[in-house]
Amino acid sequence: MVAHVLAILLAIIPVVETGIGNGALERFEFRETHMGSEFKLVVYCNDEGVASQAARAAFDRIAFLDQKLSDYRVDSELMRLCDQAGGEPVVVSPDLFEVLRRSKELSERTAGAFDVTINPVVKLWRRARRDHQLPSREQLEAAIGRVGWERMSLDAEARTVQLADKGMRLDVGGIAKGYASDAALAVLREQGISRALVAGAGDIVVGDPPPDQEGWLIGIAPLDSARQPERFLRLKNQAVSTSGDAERYVEIDGIRYSHIVDPRSGLGLTGRSSVTVVAPNGTSSDSLATAISVLGPERGLELAEKTEGVEAMIVLAPTVEDEWSILRTNGFDALESLGPGNEEMSAPRLGGPES
Ligand code: AMP
Ligand code: MG
């Protein structure tokens, strides 16, 4: 048991098969850094020029979204919206509206466990990681007071967003990479490429399968990154995301605090877990993986079970006397696949930029 459990899993790895067997289609791979993470595209196409041009358009779309959604750029559309908190409704772009609409929908379904108004608290934890010092109770209380998804009003017809109180700030770090990956896959499809994979760190979105394959083979990486993955998923026209504290956390006085925070307490999650979610698209898998991390295994699996097209696996680190445990939704096993033969593999990094 222990050896098996040590093999667990904090990132996901696309294992990409070559296009042998279909003469016309060749495999092309492209990488660029956006949103503080490496994005990788894998496409099957019979023309290198078409593949490169499609990849360029897909990366441009991701870069465009990064400019709109970043909370690191003071001039992003998201930050300019925050600057108007406490004021009138603001007309926003269709992309920003869609990300906030999907976010708020998930806030409602999770009673606020997922909350994009979390930015004031997340900022405190970024500082804690940098200074290696916990936020004070006063700082946490003040930040929590500025958080509340119910005070973010959306009007779909006018495409406006209104943040009720001055001091409210948004952070779409738990959903934006999934949305950007969906958008990039859509661009590839528009360019005539349907057999494609987009991977942005821990978020992977796939279209039609590689030639002669049932689906894309995605490895779930072991906790020990030197080891090969032992579990694999076979996916098509789906997405998979993993959330966990593999890279971004701070350990103070022997307690490890994740970059994912519980909006109720304002504290970084301390029960170490890795949550892998398969969903029909990356916007859902990304945001659900973050949400289920906050909800914990019981409520998290319940949410996954009742969400159409969603399966989840949760790996929980031992508390003092327990062993590692792995929990899955009923349908997760059916997505699992035998490992690869001799296909090549690559591992996207989990996590994003430090500040
Ligand atoms: P992910 O890596 O997709 O799980 O996203 C983690 C990021 O989501 C963090 O770095 C924060 O930017 C943001 N975040 C942290 N806690 C929450 C939360 N409770 N709800 C929504 N977003 C969060
Ligand atoms: Mg996420």
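Because the structure is predicted, anything quoted here is derived from the model rather than measured. All ligand and atom numbering here is 1-based and tracks the order in the structure.
For the pair Arg151 and Asp165, the salt-bridge criterion is met [side-chain N within less than 4.0 Å of a carboxylate O]. A salt bridge links Arg101 with Glu98: the distance from a Lys NZ or Arg NE/NH1/NH2 to an Asp or Glu carboxylate oxygen falls below 4.0 Å. With salt bridges taken as basic N to acidic carboxylate O contacts below 4.0 Å, one links Arg31 and Glu29.
Checked by distance only, ligand 1 and Asp171 come closer than 3.5 Å through their nitrogen or oxygen atoms. Any N or O atom pair closer than 3.5 Å counts here, and Gly174 shares at least one such pair with ligand 1.
Within the 2.8 Å limit, Thr290 places at least one N, O or S atom next to the Mg ion (ligand 2).
Ligand 1 lies less than 4.0 angstrom from a heavy atom belonging to Ala113.
Within the 4.0 Å heavy-atom criterion, the part of Asp115 lying near ligand 1 is the backbone and not the side chain.
A donor-acceptor contact closer than 3.5 angstrom is absent between the side chains of Tyr179 and Asn281. Judged by distance alone, the side chains of Ser76 and Ser70 never bring a donor and an acceptor atom under 3.5 Å apart. Counting only N and O atoms by type, the side chains of Ser258 and Arg272 include no donor and acceptor under 3.5 Å apart.
The angle Gly174:O - the Mg ion (ligand 2) - Asp286:O amounts to 80°, with values rounded to 10 degrees.
Distance check: Ile193 CD1 to Gln53 CD gives 9.5 Å after rounding to the nearest 0.5 Å. Atom OG in Ser181 sits 6.0 Å away from atom CD1 in Ile62 (nearest 0.5 Å).
Listed by atom number, the atoms of ligand 1 under 4.0 Å from Gly173 heavy atoms are 3 (O), 5 (O), 7 (C), 8 (O), 12 (O). Heavy-atom contacts of Thr290 reach the following atoms of ligand 1: 1 (P), 3 (O), 4 (O), 5 (O) (cutoff under 4.0 Å). Every atom of ligand 1 with a heavy atom of Pro263 under 4.0 Å away is listed here by number and element: 19 (N). Those atoms of ligand 1 that come under 4.0 Å of a heavy atom in Val261, given as number and element, are 15 (C), 16 (N), 18 (C), 19 (N). Near Val294, meaning under 4.0 Å from any of its heavy atoms, are these atoms of ligand 1: 19 (N). Ligand 1 places these atoms under 4.0 Å from at least one heavy atom of Ser243: 1 (P), 3 (O), 4 (O).
Within a 6.0 Å radius of CZ in Phe64, other residues, nucleotides and ligands contribute 12 heavy atoms or fewer.
Scanning Asp262, Leu269, Ile118 for the heavy atom closest to atom 23 (C) of ligand 1 points to Ile118.
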